[in-house]
Amino acid sequence: MIRSLTIKRFYHSLRVLGIETSCDDTSAAVVDGDRTIISQACRNQFKYHQPWGGIVPSIAKNHHYENLVPVVAEVMKDIEWNTIAAIATSIKPGLVISLWQGIKFTRQLLEKYTHLSFIPIHHMEAHALTVRLTHDVPFPYMVLLASGGHCILAIVEDIDKFYRLGETQDIAPGEAFDKSARELKLHKHPLVENMVGGAAIEYLAREGYEKRYQLITPKYSAKMRDCSFSFGGMLSQIRRVIEKDGLYSESSNVDEQKLKDFSACIQSSIVRHIETRVHRAILFCDAIQKPQWKRRLVLSGGVASNLYLRQRINDLCTHYGVELFCPPVEFCTDNGVMIAWNGIERYRQNMNVFERMSDTLVPEGRAPLGSDISEQVCACNISVPFDWKSILEKKHVTVIENLNKQ
Ligand code: KG4
Ligand code: ZN
């Protein structure tokens, strides 16, 4: 067992190097305790995986192996190693073969620069805390983490204190976006061929009319009185529509407007599903009246860079007097800055800061974040109207009154 560290004092502000390799981005950054991003670098492997229609683990591994040295060299170009206090590295959750590359490289750096401490990082915790680098957001707050592999709605009380209100029961929204884009063959569409699935659909949806198609019925969404997510059924429906209407962007006779309309429909179905869960989470927190509910909501993770999602959630938050915080788009998707910042937050509180890396450290593909309180949400049995904008303030008050009576 490696002891936790006695915090060292530096003459300059605390600096941490962050290394991220949990999926297909090799990223690194140096951030300091005054919230300054001193340097950052990232090499994306998107174009190497794109022909295969998804992340290929062996390709990811090889690219991380090749990219780690140049990426870290780039961020350390003008920085002395002896001004860095620690290396923070993602060790879970993610693609194990990719995480291994980051861990092995960190081990080599720790052996070379022996003054450095090591801080293992939970990738989703890092997504949840990024906002504290870019905005003044004190704990506690509610967070929606929506990415390619996760969808979690939680209350964050401290760096390592998460209470999950709900999470996805099948696939993540980013995966639903990516697979829909793939089915539509958007990687062959000249306007969006270089974009990730979610961004490509968002781009086309800007000129689309969502109501031309309908995927999930309001009834379905309203039936499940919890904050858990499910995008699998929606994806099956999407596939059926694409096949039936021949909506393949590469085909010469595809109706471009139909493609845009269906993109708008996909985006709105995914976002509205998320919206009902966030809506219920707000009503739940209002109902139980915990002192930990400070009416603050944070959106993060790759899908949180979607501007339609931000707009819808912003409208909801305005309606309920909840303050909404979103990190800048470039920090919503995977990056080294969030890992370095998570390292700063942990170093300051001496939380899992180690003098060296344990010989037995292994990456974890799956790793739950905090504790599950979803049953408490179900027990409240809160109904949420699908088109909440149509409800009057009075109806909201009635829901709360009924809950308080229970
Ligand atoms: O957080 P992230 O970079 O990686 C994971 O940890 O998964 O999220 C990547 C996901 C991808 O599925 C991508 O399609 C989605 O975020 N994404 C978007 C947008 N930009 C990226 N989804 C919707 N709208 C976007 N603008
Ligand atoms: Zn991520």
Side-chain angles (χ1 to χ4, degrees), residues 18-27 42-46 49-50 53-55 60 90-96 98-99 102 121-131 143-152 167-168 171-184 186-187 192-206 208 229 231 234-235 238 263-275 298-313 326-339 341-342 365-367 369:
I19 297 180
E20 157 62 29
T21 61
S22 70
C23 192
D24 61 337
D25 286 317
T26 316
S27 319
C42 177
R43 288 205 185 171
N44 185 273
Q45 309 172 6
F46 179 67
H49 297 279
Q50 206 193 31
I55 308 292
S90 310
I91 63 149
K92 62 183 177 184
L95 203 57
V96 170
S98 293
L99 291 165
I121 299 293
H122 189 299
H123 179 88
M124 298 313 289
E125 178 184 299
H127 271 306
L129 301 182
T130 316
V131 73
V143 70
L144 169 76
L145 300 173
S147 69
H150 295 87
C151 197
I152 303 169
E167 61 208 298
T168 186
I171 59 170
E175 190 176 339
F177 271 122
D178 292 340
K179 291 196 166 146
S180 302
R182 189 76 199 173
E183 293 285 329
L184 289 164
L186 297 187
H187 54 290
V192 293
E193 61 191 352
N194 296 319
M195 295 182 192
V196 292
I201 289 177
E202 178 176 19
Y203 185 91
L204 294 177
R206 290 193 308 199
F229 305 85
F231 301 94
M234 204 185 286
L235 182 60
I238 290 169
S263 295
C265 171
I266 295 171
Q267 175 176 260
S268 123
S269 303
I270 293 175
V271 167
R272 278 168 173 243
H273 178 60
I274 294 174
E275 186 186 46
V298 169
L299 304 186
S300 199
V303 175
S305 47
N306 186 288
L307 299 183
Y308 179 76
L309 172 73
R310 288 182 178 210
Q311 187 56 55
R312 297 276 322 186
I313 302 291
C326 306
V329 165
E330 70 266 32
F331 298 137
C332 280
T333 44
D334 290 352
N335 62 83
V337 171
M338 69 181 195
I339 306 299
W341 174 250
N342 200 159
R366 290 171 165 268
L369 192 63

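Side chains are part of it too, since the values below use all heavy atoms of this structure and drop only hydrogens, waters and symmetry mates. Just so you know, ligand 1 is whichever comes first in the structure, and atom 1 is the first atom listed for that ligand. Small disclaimer: the values here were computed from a predicted structure and weren't measured.
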Hey, is ligand 1 close enough to [X] that some N/O pair sits below 3.5 Å?
X	answer
Asp178	yes
His123	yes
Gly198	yes
Gly302	yes

For this session: Take the angle between the ring planes of Phe231 and Phe229 and call it parallel below 30°, perpendicular above 60°, tilted in between.
Result: parallel
Exercise. Of Ser27, Gly148, Ser305, Ala200, which has the heavy atom at the shortest distance from atom 19 (C) of ligand 1?
Worked result: Ser305
Atoms of ligand 1 less than 4.0 Å from [X] heavy atoms?
X	value
Gly174	12 (O)
His127	1 (O), 6 (O)
Gly149	7 (O)
Thr333	3 (O)
Phe177	22 (N), 23 (C)
Glu202	24 (N), 25 (C), 26 (N)

Sub-4.5 Å side-chain heavy-atom contact between [X] and [Y]:
X	Y	result
Ser98	Asp24	no
His127	Asp334	yes
Asn306	Ile270	no
Met195	Phe46	no

For this session: In sequence, state the C-alpha distance, the side-chain angles, and the governing distance for Asn335 and Glu330, and then conclude on side-chain contact (heavy atoms from CB on, under 4.5 Å).
Result: CA-CA 8 Å; Asn335 62 83; Glu330 70 266 32; over 6 Å; no
For this session: Determine whether any heavy atom of Cys23 lies closer than 4.0 Å to an atom of ligand 1.
Result: no
Problem set entry | Minimum-distance protein heavy atom relative to atom 2 (P) of ligand 1 | Asp334 OD1, 3.3 Å
Problem set entry | Distance from atom 24 (N) of ligand 1 to nearest protein heavy atom, with residue and atom | Asn306 ND2, 3.1 Å
Exercise. Picking from Leu129, Ile121, Thr130, Val131, what satisfies side-chain contact (heavy atoms from CB on, under 4.5 Å) with Met338?
Worked result: Thr130
For this session: Write the atom name of the N, O or S atom in His127 that is nearest the Zn ion (ligand 2).
Result: NE2
For this session: Indicate whether any N or O donor in one side chain lies under 3.5 Å from an N or O acceptor in the other, for His122 and Asn342.
Result: no
For this session: Verify whether one side chain among Glu167 and His150 offers a donor that lies under 3.5 Å from an acceptor in the other.
Result: no
Exercise. Is Arg182 reaching over with its side chain to a backbone N or O of Gln50, donor-acceptor style, under 3.5 angstrom?
Worked result: yes
Exercise. What angle, to the nearest 10°, do the atoms OD1 (Asp334) and NE2 (His123) form about the Zn ion (ligand 2)?
Worked result: 90°
